[in-house]
Amino acid sequence: MPENIQLTLDGVSTSVAAGATGFELFQDKKVVAQRVNGELRDLAHKVADNDVVEAVAIDSADGLGILRHSTAHVLAQAVQKINPDARLGIGPPITDGFYYDFDVAEPFTPELMKTLEKEMDRIIRSGQRFVRRVVSDSEAAKELALEPNKLELISLKSSEHLAEGAAEVGSGELSIYDNVDPQSGEVVWKDLCRGPHLPNTRMIGNGFSLTRLAAAYWRGNEANKQLQRIYGTAWPSKEELKAHLERLEEAAKRDHRRLGAELDLFSFPEEIGSGLAVFHPKGGVIRRVMEDYSRAQHEAAGYDFVYSPHITKSNLFETSGHLAWYSEGMFPPMRLDEEVDADGVVRKAGQDYYLKPMNCPFHILIYKAQARSYRDLPLRMFEFGSVYRYEKSGVVHGLTRVRGMTQDDAHLFVTQEDMEAELTSVLNFVLNLLRDYGLTDFYLELSTRDPENEKFVGDDAIWEAATSTLAKVATDSGLELVPDPGGAAFYGPKISVQARDAIGRTWQMSTIQLDFNLPERFDIEYAASDGTKKRPVMIHRALFGSIERFFAVLTEHYAGHFPPWLAPVQVVGIPVADDFAPYLSGVIDQLKASGVRATIDLSDERMQKKIRNHTKDKVPFQLIAGGDDKDAGSVSFRYRDGSQVNGVKIDEAIKLILDAITNKEQV
RNA sequence: GCCGACCUGGCGCAAUUGGUAGCGCACCGCACUUGUAAUGCGGGGGUUAGGGGUUCAAGUCCCCUGGUCGGCCCCA
């Protein structure tokens with residue numbers, strides 16, 4: 001046996017003693033694991049000749065995952081210490097943290113969280129070692145006889161269907177991690193786990209916190225029992241934990257539900273019902289400006305404006321297939337015109353009317369209103385269409401998940417030959433419009449069909465053509481393209497535009513979706529140049545998704561600091577004293593005459609208080625004028641961030657404001 | 001829909017072991033007239049989400065309904 005082996009260690013060829021582990025290879029305390037030939041391993045793992053080994057630091061993406069995974073184990077140990085009857089579910093790391101699921105008789109209480117944190121802290125301080133041990137299926141089954149969920153995972157190990165639980169059993173050999181007390185050498189706890197883990201619990205330190213309690217279905221299936229889930233977060237240091245909590249606070253400040261109330265933009269009166277919003281005057285201004293601009297752009301891009309009612313007889317949604325496929329997402333029908341005699345016998349059958357969950361069938365009927373020729377195509381129908389969806393009570397969420405919403409919905413009818421050109425122009429149209437609203441950081445997702453799955457309708461040739469066209473269009477855009485294989489709807493492939501907001505969160509915005517199903521179901525066609533009848537391709541396209549949702553995204557993106565062109569109040573005048581009100585009113589009147597949403601604050605508050613009020617209202621331009629400005633024929637600007645530009649000549653000030661509005665600048 | 005928490009004047013919050021509701025902001029009035037984030041004084045406003053129950057007594061305890069929040073499932 002050779003005394004030394006050759007390694008590639010962090011890219012450098014090195015010779016080390018045979019049987020060396022990561023503990024010998026890495027002196028840096030930040031290294032908590034190693035990547036050996038591409039696989040994450042514990043530091044205790046022995047490297048072999050010719051291995052390629054890299055350090056995994058605790059503050060790397062992999063290192064943070066390991067830290068959080070180990071913290072989840074400590075949580076589970078703490079839970080079982082306090083409640084030995086708690087049975088384990090799964091406990092993986094997630095973005096910024098981890099969770100662990102438990103099967104317990106009584107749900108956890110918020111008070112218990114503090115107790116658990118204390119117990120976790122005790123475990124962490126005791127410096128238990130995480131020791132990996134490979135076991136056979138039968139050994140594991142024997143050792144974990146008291147953990148039925150783990151046994152289920154073991155039995156599923158070889159199955160194709162194991163989505164969740166991969167962190168526990170992985171795909172290869174099974175392993176159990178023993179938590180070993182360093183004083184006594186005793187195994188104090190153990191868990192089925194693929195690993196890797198930190199060398200010991202002490203490395204978790206004090207940068208962890210339990211964050212929330214929730215229920216979760218076992219293996220993510222609604223038909224299964226519900227487990228109690230505890231979420232937590234873990235960071236290499238207390239400071240990083242604090243920074244993380246501050247980021248959450250920043251996100252909470254941007255929450256559109258909070259800003260909607262603070263800025264008096266919209267509300268959800270309980271009297272109306274869950275998920276049904278009303279827009280107040282200030283929110284109404286923003287929404288109207290958003291819509292008006294969208295209309296103007298659509299008009300310039302060759303869209304026709306159409307309108308359709310909110311309700312329809314059931315046969316329309318029978319033809320479209322919505323009632324067969326999505327009826328549980330629709331409001332129940334209204335039965336009209338039914339006549340029943342005294343004995344309850346129906347004398348005259350009624351009609352079921354439904355609130356519409358989608359606009360497309362209506363637009364198809366408009367298409368069908370006349371015989372179409374290839375000369376009519378592409379036909380682009382656009383509507384701000386109000387739709388109603390019966391969202392489950394637990395999922396409604398501010399303006400992002402509602403039961404009544406308005407889609408900026410368009411349906412494009414094109415020949416197959418024109419499909420590529422149309423898709424290219426519609427993608428560019430969508431991206432440019434989103435940029436005008438201030439979102440600039442995008443990536444695309446291409447959802448394609450799973451050839452194995454038979455749910456997809458339409459023949460192979462058109463799927464192939466459409467998918468390659470979408471892929472080409474997406475690639476040509478130069479944006480990052482994320483494939484989503486199997487993610488297509490049954491009726492066609494789609495591109496969705498994902499936008500990153502000011503604090504890096506991504507939102508699914510626009511979708512461009514091909515549909516091979518509805519043209520078939522409604523039997524729409526056009527006369528081709530050779531006189532034959534052909535089926536047009538149909539493209540669904542929503543840009544905002546829904547106006548309500550887009551409104552929410554913009555509110556959070558701007559943190560309520562809407563750029564002047566969208567701001568409900570663009571300019572407020574603040575005279576230093578009443579004597580200067582007439583002078584400043586003259587300026588405000590000029591702005592109003594130019595179409596600017598400007599007011600003057602003539603209340604008898606002190607000017608400092610007025611500045612405070614309008615800063616809190618996030619008015620982009622505060623114009624202040626006193627004796628100095630009056631004498632000089634100028635005004636002074638104060639902006640939302642507290643900065644000021646004093647003594648700006650009136651003409652210049654007006655031009656500056658108008659330019660900012662026209663150019664959609666942020667100030 | 002499921003699990004848990006919660007719902008007090010427009011908004012944010014208080015109310016000892018159950019003993020018939022307070023504060024700040026906002027609002028209204030009066031005074032003050034001030035150069036870049038809160039002038040002072042006074043006033044009005046709540047059958048504690050709605051309904052039912054326990055109790056001598058319920059904002060506090062129990063049940064039902066509605067709504068909100070955090071998750072799960074879902075999101076055409």
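A note on names: the letters A, B, ... follow the listed sequences, proteins ahead of strands, and every chain is numbered from 1.
- Of the N and O atoms on the side chains of A/K356 and A/S308, at least one donor lies less than 3.5 Å from an acceptor on the other residue.
- Side-chain atoms of A/Q498 do not come within 3.5 Å of backbone N or O of A/T506 as any donor-acceptor pair.
- Not one N or O on the side chain of A/R68 forms a donor-acceptor pair closer than 3.5 Å with the backbone of A/P92.
- Ring orientation note: the planes of A/H310 and A/Y388 are tilted relative to one another, at an angle of 30° to 60°.
- With no hydrogens or angles considered, a side-chain donor-acceptor pair links A/D501 and A/W507 at under 3.5 Å.
- Ring pair A/H244/A/W235 is tilted by interplanar angle, where 30° to 60° counts as tilted.
- Taking atom P on both nucleotides, B/G46 is separated from B/G22 by 13 Å, rounded to a whole Å.
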Strictly under 4.0 angstrom, non-hydrogen atoms only: write out the protein contact profile of nucleotides 64-70 of chain B, one letter per nucleotide from the 5' end, B, S or -. --BSSSB
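- Distance from the side chain of A/I611 is smallest for B/A37 among the nucleotides B/C74, B/G35, B/A37.
- Atom pair A/F102:CZ and B/G71:P shows a separation of 18 Å (rounding to whole Å applied).
- In the region residues 322-330 of chain A, proximity to RNA chain B at under 4.0 angstrom, judged on heavy atoms, holds for A/Y326, A/G329.
- Put simply, CZ on A/F98 is 15 Å from C1' on B/G71, counting in whole angstrom units.
- Aromatic ring orientation, A/F266 versus A/H256: tilted (interplanar angle from 30° to 60°).
- If you check the side chains of A/E605 and A/N613, you find no donor sitting under 3.5 Å from an acceptor.
- Of the listed nucleotides (B/U34, B/A37, B/C72), B/U34 has the atom at the smallest distance from the side chain of A/M607.
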What N/O pairs connect the protein and nucleotides 28-33 of chain B at under 3.5 Å? Give each pair on its own line.
{"residue": "B/U33", "atom": "N3", "partner": "A/D578", "partner atom": "OD2", "Å": "3.2"}

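- Taking atom CH2 of residue A/W218 and atom C1' of nucleotide B/C73, one finds them 16 Å apart after rounding to whole Å.
- No side-chain donor from either of A/Q644 and A/S636 sits under 3.5 Å from a side-chain acceptor of the other.
- Among the atoms of the strands shown, base atoms are found under 4.0 Å from some heavy atom of A/Q226.
- Atoms OH (A/Y217) and C1' (B/C72) sit 6 Å apart, rounded to a whole Å.
- Residue side chain A/E391 does not reach the base of B/C75 through any donor-acceptor N/O pair under 3.5 Å, judged by distance alone.
- B/G12 sits 33 Å from B/A57 when the P atoms are compared, rounded to a whole Å.
- Contact of A/N646 with B/G35 (side chain to base): no donor-acceptor pair of N or O atoms is detected under 3.5 Å.
- The CD-P distance, from A/Q228 to B/C72, rounds to 13 Å in whole Å.
- Nucleotides B/U20 and B/U48, compared at atom C1', are 12 Å apart to the nearest Å.
- Computed from coordinates, the A/H614 NE2 to B/A26 P distance equals 13 Å when rounded to whole Å.
- The side chain of A/Y491 lies closest to B/A76 when the candidates are B/G1, B/A76, B/U36.
- Listed pair A/K609 / B/A26 meets the phosphate criterion, a side-chain N or O lying under 4.0 Å from OP1 or OP2.
- The side chain of A/R401 sits closest to B/C74 out of B/C74, B/U36, B/C72.
- Residues meeting the ring-ring contact (aromatic ring centres under 6.0 Å, His included) test with A/H73, sequence neighbours left out: A/H69, A/W189, A/H197.
- Comparing A/P110 and A/Y231 against RNA chain B, the residue whose closest nucleotide sits nearer the 5' end is A/P110.
- Not counting sequence neighbours, A/R640 has no partner by the salt bridge (charged side-chain N to carboxylate O under 4.0 Å, His left out) test.
- Checked against the 6.0 Å centroid criterion, the rings of A/F98 and A/Y100 do not qualify as a close aromatic pair.
- B/A5 and B/C63 are spaced 11 Å apart, taking the P atom of each and rounding to whole Å.
- Comparing the P positions of B/C27 and B/G70 gives an interatomic distance of 30 Å, to the nearest angstrom.
- Nearer to the 5' terminus of RNA chain B, by closest-nucleotide assignment, is the contact made by A/G627 (compared with the other of A/P357 and A/G627).
- Between the CD atom of A/E111 and the C1' atom of B/G4 there is a distance of 12 Å, rounded to whole Å.
- When the P atom is compared between B/A15 and B/U8, the two are found 14 Å apart, to the nearest whole Å.
- Under the 3.5 Å distance criterion, the side-chain polar atoms of A/E117 are matched with a main-chain donor or acceptor of A/L210.
- The side chain of A/E605 sits closest to B/U39 out of B/C3, B/U39, B/A38.
- Base engagement by A/S636 is indicated by at least one non-hydrogen atom pair under 4.0 Å involving a base atom.
- B/G42 and B/C32 are spaced 15 Å apart, taking the C1' atom of each and rounding to whole Å.
- Separating the P atom of B/G50 from that of B/C7 is a span of 13 Å, rounded to the nearest Å.
- Nearest approach of A/F317 to A/L355, heavy atoms of both residues: CE1-O, 4.4 Å.
- A salt bridge (charged side-chain N to carboxylate O under 4.0 Å, His left out) with A/D103 is found for one member of A/K225, A/R87, A/R229 and no other, namely A/K225.
- Heavy atoms only, all atoms of each residue included: A/R212 and A/M113 are closest at N-CE, 3.7 Å.
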Could you summarise the pairing of RNA chain B as dot-bracket text, marking Watson-Crick and G-U pairs under 3.5 Å with ( ) or [ ] inside the strand and | across strands? (((((((..((((.....[..)))).(((((.......))))).....(((((..]....))))))))))))....
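- For A/M358, taking side-chain heavy atoms from C-beta onward, the closest of the listed nucleotides B/C73, B/A76, B/G71 is B/A76.
- For the pair A/K225 NZ and B/G4 P, the interatomic distance rounds to 17 Å; values are reported in whole Å.
- Taking the centre of each ring, A/Y367 and A/F522 stay at or above the 6.0 Å mark.
- Between the base of B/C75 and the side chain of A/K392 there is no donor-acceptor pair shorter than 3.5 Å.
- In this structure, the nucleotide among B/C72, B/G4, B/U36 sitting nearest to the side chain of A/R229 is B/C72.
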